[in-house]
Number of protein chains: 2
Amino acid sequence: MTSPAGLPLPGEPSGLRERKKQRAQAELARVALERFAARGFDAVTVEEIADAADISRRTFFRYFPTKEDVLFARRREQTEVLRELLARQPGEGAWAAVRRALLALAEDHMVQRERVLREHALLAQTPSLLARDLEWDRRAQEALAAALEGGAARDAASRRRARLCAGALVGALRTVIEDWIASGAKGDLAKRGEEALDLLSPLAPKERAR
Amino acid sequence: MTSPAGLPLPGEPSGLRERKKQRAQAELARVALERFAARGFDAVTVEEIADAADISRRTFFRYFPTKEDVLFARRREQTEVLRELLARQPGEGAWAAVRRALLALAEDHMVQRERVLREHALLAQTPSLLARDLEWDRRAQEALAAALEGGAARDAASRRRARLCAGALVGALRTVIEDWIASGAKGDLAKRGEEALDLLSPLAPKERAR
DNA sequence: TAGCAAAGTGGCACTCGGTGTCAACAGGCA
DNA sequence: TGCCTGTTGACACCGAGTGCCACTTTGCTA
């Protein structure tokens, strides 16, 4: 896809250069996750990862601002997907959109089961990674809050209510995911998610007339 | 307070040594918060803090495992208080205990208003600190979950429900606090907290017969 | 197709957070 | 007083992250 004038858009992959970069980043992420899982996050140095991916240490830090970030590409994508799903609400209310978006994420978790399990094991044994992960929850929460605020009345109380609801949602759904993982990730996460959403639906702010 | 035999208990302040340590730690925390607030967390080095408190860099790290931890003494205490409040439930149900404990924290926030504001400003501009703070939320959440699980039926579904409730509580109440701060910390946080708790009370698991 | 400007890369040196080690020291106690 | 033990400070070291600069690659254009 190009802009009307045929010029490459700023943020878009353009040519060989971009493709090489993407491949290198993917390789770094792959190598890193593999080694972290095997020996723990702290025991693996950036130098080792860079060497294994045949890239200089310096360049590693051009691709990923920190060693931790090499693990969170998936969450970043997830958050973007979430934002997109929430953005286009085809006529439905805000709560319905939120529900649909979150259930889509649940499905994604089930599809990527193996990866989710491996990453979660890593988070569980590395506090700094857990902390980073919680930061991502917060961004998801902000996206949800924005969606709910958009669909609610404009007064301060309704907006506070929307944010409260988003906070409760993220907090609750995280426990749902963790319980699902704790039970071996064998059950139907989407179903558990639906139950939780039904439980939380009374918290949603009143929808604004459309 | 001493043990029955009159011996100093293991974890208790015993003599001059302990008092000096306490004073030094308090001084470090004071100096650190002051400088962080003035120039930002990253712009102040551990060496500077240690020098200002007339202590060696090495000893700083004996008092606080990381530079970040020098800021979280208050949250650690809070979490301990929370745990205590939840532990002794004088005949009341788990939800009532949770409610009482959380409202006590709200009161504390109002009393320490200035400090809360200063610390929050710091968190807001330093992602790594925010992440650490969210980790503390998680510990609070675990304490709440334990209390609610203790008061609920023993089956897996009830326990999951208790954890879900704890997650929602922490997520929601964090937004309540943030909104309170965003509005200048002028309103009655305890009242806002009560409203939120009422809203969330249907999430609490059924209480086990006592 | 040659050449050029810009973007990307690697090496180097440096800062800072955090840790192991060890000798010197101070507090508590007999 | 003198001993024992926990605490301290100095030093060396490691790894994450960054600024800098020379060199290479890519994409474009003459």
Side-chain angles (χ1 to χ4, degrees), chain A residues 2-3 5-28 31-32 35-36 39-72 126-129 131-132, chain B residues 2 5-29 31-32 35-36 39-72 126-129 131-132:
Chain A
T2 52
S3 65
L7 297 168
L9 291 172
E12 274 187 9
S14 52
L16 172 59
R17 207 160 230 169
E18 205 62 28
R19 268 177 287 135
K20 264 174 91 172
K21 200 186 211 168
Q22 305 257 349
R23 237 185 302 131
Q25 288 189 14
E27 176 67 2
L28 281 173
V31 167
R35 312 221 163 188
F36 290 158
R39 290 166 25 225
F41 182 77
D42 293 324
V44 180
T45 67
V46 169
E47 187 166 14
E48 178 185 337
I49 300 168
D51 283 354
D54 212 46
I55 273 173
S56 81
R57 203 179 79 97
R58 191 64 188 84
T59 297
F60 176 98
F61 284 111
R62 274 195 262 265
Y63 288 162
F64 302 102
T66 74
K67 180 183 172 185
E68 283 160 0
D69 284 297
V70 75
L71 281 173
F72 288 105
T126 318
S128 71
L129 290 179
R132 273 299 247 252
Chain B
T2 52
L7 296 168
L9 290 172
E12 273 186 12
S14 51
L16 172 59
R17 207 162 227 167
E18 204 63 27
R19 268 177 287 138
K20 265 173 89 172
K21 200 187 210 166
Q22 305 257 348
R23 237 185 304 131
Q25 289 187 16
E27 176 68 3
L28 281 172
V31 167
R35 313 218 163 191
F36 291 158
R39 291 165 28 223
F41 182 77
D42 293 324
V44 180
T45 68
V46 169
E47 188 166 14
E48 179 185 337
I49 300 168
D51 283 353
D54 211 47
I55 273 172
S56 80
R57 203 177 77 96
R58 189 64 186 85
T59 298
F60 176 98
F61 284 111
R62 275 194 263 266
Y63 288 162
F64 302 101
T66 72
K67 181 183 173 186
E68 284 160 1
D69 284 296
V70 75
L71 282 173
F72 288 106
T126 318
S128 71
L129 289 180
R132 272 298 247 253

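Chain A is the first sequence line, chain B the second, and so forth, proteins listed ahead of strands; every chain is numbered from 1.
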Every protein N/O within reach of nucleotides 4-6 of chain C N/O, cut-off under 3.5 Å:
none

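- Rounded to an integer number of Å, the gap from CG of B:Asp51 to C1' of D:dG9 is 12 Å.
- In this structure, the separation between CG on A:Leu129 and CZ on A:Phe41 is 4.5 Å, given to the nearest 0.5 Å.
- In this structure A:Glu47 satisfies the side-chain contact (heavy atoms from CB on, under 4.5 Å) test together with A:Thr45, A:Asp51, A:Arg57, sequence neighbours excluded.
- Listed by first and then second residue, the ring-ring contact (aromatic ring centres under 6.0 Å, His included) pairs that reach into residues 42-63 of chain B are B:Phe60-B:Phe64, sequence neighbours excluded.
- Rounding to whole angstrom units, CD of residue A:Gln25 and C1' of C:dT9 are separated by 14 Å.
- Rounded to a whole Å, the CZ atom of B:Arg19 is 15 Å from the P atom of D:dT7.
- Put simply, CD1 on B:Ile55 is 16 Å from P on C:dA26, counting in whole angstrom units.
- Remark: A:Asp42 pairs with no residue by the salt bridge (Lys or Arg N to Asp or Glu O under 4.0 Å) rule, at least two apart or across chains.
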**OP:** Classify every nucleotide of nucleotides 15-24 of chain D by which part a protein heavy atom approaches to under 4.0 Å, writing B for the base, S for the sugar-phosphate alone and - for neither, in 5'-to-3' order.
**Re:** -BBBBB----
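- Within 4.0 Å (heavy atoms only), B:Tyr63 reaches sugar-phosphate atoms of the nucleic acid but no base atom.
- Closest approach of A:Ala24 and A:Ile55 over heavy atoms only: CB-CD1, 3.5 Å.
- Across the protein-nucleic acid pair, B:Lys21 atom NZ and D:dG9 atom P stand 13 Å apart, rounded to whole Å.
- Residue pairs meeting the salt bridge (Lys or Arg N to Asp or Glu O under 4.0 Å) criterion with at least one partner in residues 58-70 of chain A, sequence neighbours excluded, are A:Glu68-A:Arg132, A:Asp69-A:Arg132.
- Looking at residues two or more places apart in sequence or on another chain, you find a side-chain contact (heavy atoms from CB on, under 4.5 Å) between B:Ala52 and B:Val31, B:Arg35.
- With sequence neighbours left out, the side-chain contact (heavy atoms from CB on, under 4.5 Å) criterion links A:Ala53 to A:Glu27, A:Leu28.
- Atom-to-atom, CD of A:Glu48 to P of D:dC14 comes out at 16 Å; the value is rounded to the nearest Å.
- Note: CG (A:Asp54) to C1' (C:dG8) measures 16 Å, nearest angstrom.
- Proximity of B:Lys20 to the phosphate of D:dT7: no side-chain N or O atom is located under 4.0 Å from OP1 or OP2.
- The CG atom of A:Leu28 sits 14 Å away from the C1' atom of C:dG10 (whole-angstrom rounding).
- Checked against side chain to side chain donor-acceptor pair (under 3.5 Å), B:Thr126 has no partners two or more places apart in sequence or in another chain.
- Checked against salt bridge (Lys or Arg N to Asp or Glu O under 4.0 Å), A:Arg39 has the following partners two or more places apart in sequence or in another chain: A:Glu48.
- Axis angle between the ends of the helix from C:dT1-D:dA30 to C:dA30-D:dT1, five pairs each and rounded to 10 degrees, works out to 10°.
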